[in-house]
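Sequence lines set the chain letters: A, B, ... in the order given, protein chains first and strands last, and positions in each chain run from 1.
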There are 2 protein chains.
Amino acid sequence: MLELRLVQGTLLKKVLEAIKDLVTDANFDCSTSGFSLQAMDSSHVALVALLLRSDGFEHFRCDRALSMGMNLNHVSKLLKCASNDDIITIKADDDADTVTFMFESPRQDKIADFEMKLMDIKSEHLGIPEAEYQSIVKMPSQEFARICKDLSSIGDTAFSVVISVTKEGVKFSTRGDIGSANIVCRQNSTVDKPEDATTIQMKEPVSLTFALRYMNSFTKATPLSSSVSISMSSDLPVVVEYKIAEMGYLRYYLAPKIEDDEEQS
Amino acid sequence: MLELRLVQGTLLKKVLEAIKDLVTDANFDCSTSGFSLQAMDSSHVALVALLLRSDGFEHFRCDRALSMGMNLNHVSKLLKCASNDDIITIKADDDADTVTFMFESPRQDKIADFEMKLMDIKSEHLGIPEAEYQSIVKMPSQEFARICKDLSSIGDTAFSVVISVTKEGVKFSTRGDIGSANIVCRQNSTVDKPEDATTIQMKEPVSLTFALRYMNSFTKATPLSSSVSISMSSDLPVVVEYKIAEMGYLRYYLAPKIEDDEEQS
DNA sequence: CTTGTGCGGA
DNA sequence: TCCGCACAAG
């Protein structure tokens, strides 16, 4: 028996918007510690990892660990039937092949439930080692999204972005059909709100190249958090992390391009 | 001679948006009592009935009853040329085969008139008996529209919706490609505004099945009224009614599906 | 946050 | 033509 009650149902809606373009089918794993998902994108290049800790739910019951395979487009469609202020409850029996999403309006005058068949999905749960990163950039998530969008418009999403971190700041560079572009963000903690700050924790300067189109996909998570952190080390996948308030995180992992080829499909 | 002056021209625009998808050609009937229309949809399954009482017009002159056949798409196109705050006047001579729509801007600084040919349309005016309904649900029209839209998104519009009324509330159910859905709305009169209330007048519980795509078409009338009433009895067509303030109503009639087949083209 | 509107894409 | 998305207003 599994029963998860999430008062901020809109979080779940945003999570699905943030991953459904990258991953079509995935297992949601539920255990006493929380609700999580780990999946490669369909071209097996990027990895998405979601964690919603059990203590972030208003009610969290999970008698035994369950892995529930779902088509994320279907889940997204169901969640579109929930209003942003609805309370969402996810229910499943231990041996059932279906899951039920229940949406309650705040005043309890409308209750909707949707039952969906589960799928069998080959699990590929990878252990992701905790690493020390040479540089960690934290910046407003909207600013990061804007940069990725702007750089994409210069060339097209088939191009690469070079992210270079020095003590002074972080530089995003690309080269495209029209020309080349460099956007530099400097450290900046003298800001009204802490989430507007751009901070850089740098042990060593680092400069890595990534496929821009993945970065753009990652920014679908922007509504989840006002800031994003980008953790980089040479020869390690970059981690783009959006914290989910009081509950966990949504992380994207992407391996750097080894050479400095600018184009790649 | 016929001359109808409607200060709230936007009403007429909304009416046409609400019926033109269902009905392509229809007779507008004008008599001293008002301006009305009754027509079957093109597949002869649903019936649309409009009434705009003469006292709702600023000026209403109708020397003798007239039935004016029009292509509703053409009328809709003409009305798109009127601004929402324009005053609309409909004119026709008794023996003419044309009708004129005149649009005046509120400050009288712009006057447009459009003449359109009338058509001969075989009239099929049905007497609709006043019936006692086992259950009448009144709810916010936007909520009803949202429910129909959500249920359609689960399967597709080819599916059916089961509407069941009990004392506690009204339940809308469907079953689709992705899964099954139930949405329950409870009675709820402790609301700030009366039009936000959901009320149920129930003599007997009733449960009927309808083609979802027609329900969805009916919700095109949502802009006409903040609330909708759904009147049901076993073996009678459901009546979905949108009141038009101070003037009349727009009603849709739809026969229930006899069997419980879920799919139907 | 919801609603209405304008725009672009399918 | 219709639908979904993005923007702006209440």
Using the closest heavy atom to pick a nucleotide of DNA chain D for each, name whichever of B:N73 or B:K149 lands nearer the 5' end. B:N73
Under the side-chain hydrogen bond (donor to acceptor under 3.5 Å, both in side chains) test, which residues partner B:T222, sequence neighbours left out? none
Would you kindly give the CD-to-P distance between B:Q142 and C:dT2, to the nearest whole Å? 12 Å
Extract all donor-acceptor atom pairs below 3.5 Å that involve side chains of residues 112-119 of chain A and protein atoms in other chains or at least two apart in sequence.
unit_1	atom_1	unit_2	atom_2	d
A:D113	OD1	B:N182	ND2	3.2

Using a 4.0 Å cut-off on heavy atoms, which residues in residues 76-90 of chain A reach DNA chain C? List them by number, or say none. A:N84, A:D85
Cut-off 3.5 Å, no hydrogens considered: what does the side-chain donor-acceptor table look like for residues 36-50 of chain B, sequence neighbours left out?
unit_1	atom_1	unit_2	atom_2	d
B:Q38	OE1	B:L126	N	2.7
B:Q38	NE2	B:L126	O	3.2
B:D41	OD1	B:H44	N	3.3
B:D41	OD1	B:V45	N	2.7
B:D41	OD1	B:A46	N	2.6
B:D41	OD2	B:S43	N	3.1
B:D41	OD2	B:S43	OG	2.6
B:S43	OG	B:Y214	OH	2.7

To the nearest angstrom, how far is B:N216 atom CG from D:dC2 atom P? 13 Å
Only pairs under 3.5 Å count here: list side-chain donor-acceptor contacts from residues 73-91 of chain A, not counting sequence neighbours, and write none if there are none.
unit_1	atom_1	unit_2	atom_2	d
A:S76	OG	A:E17	OE2	3.2
A:D86	OD2	A:S83	N	3.0

Atom CG of A:L11 to atom C1' of C:dC1: distance rounded to whole Å? 15 Å
Taken to the nearest whole Å, CZ/B:R213 to P/D:dC3 is 12 Å
For A:K13 and C:dC1, what is the distance between atoms NZ and C1' respectively, to the nearest whole Å? 12 Å
Which residues share a side chain to side chain contact (heavy atoms under 4.5 Å, CB included) with B:P237, sequence neighbours left out: B:Y253
CG-CZ distance between A:L22 and A:R213, expressed to the nearest 0.5 angstrom: 8.0 Å
When rounded to whole Å, the NZ to C1' distance for the pair A:K14 and C:dC1 reads 11 Å
What integer distance in Å separates A:K20:NZ from D:dG4:P? 12 Å
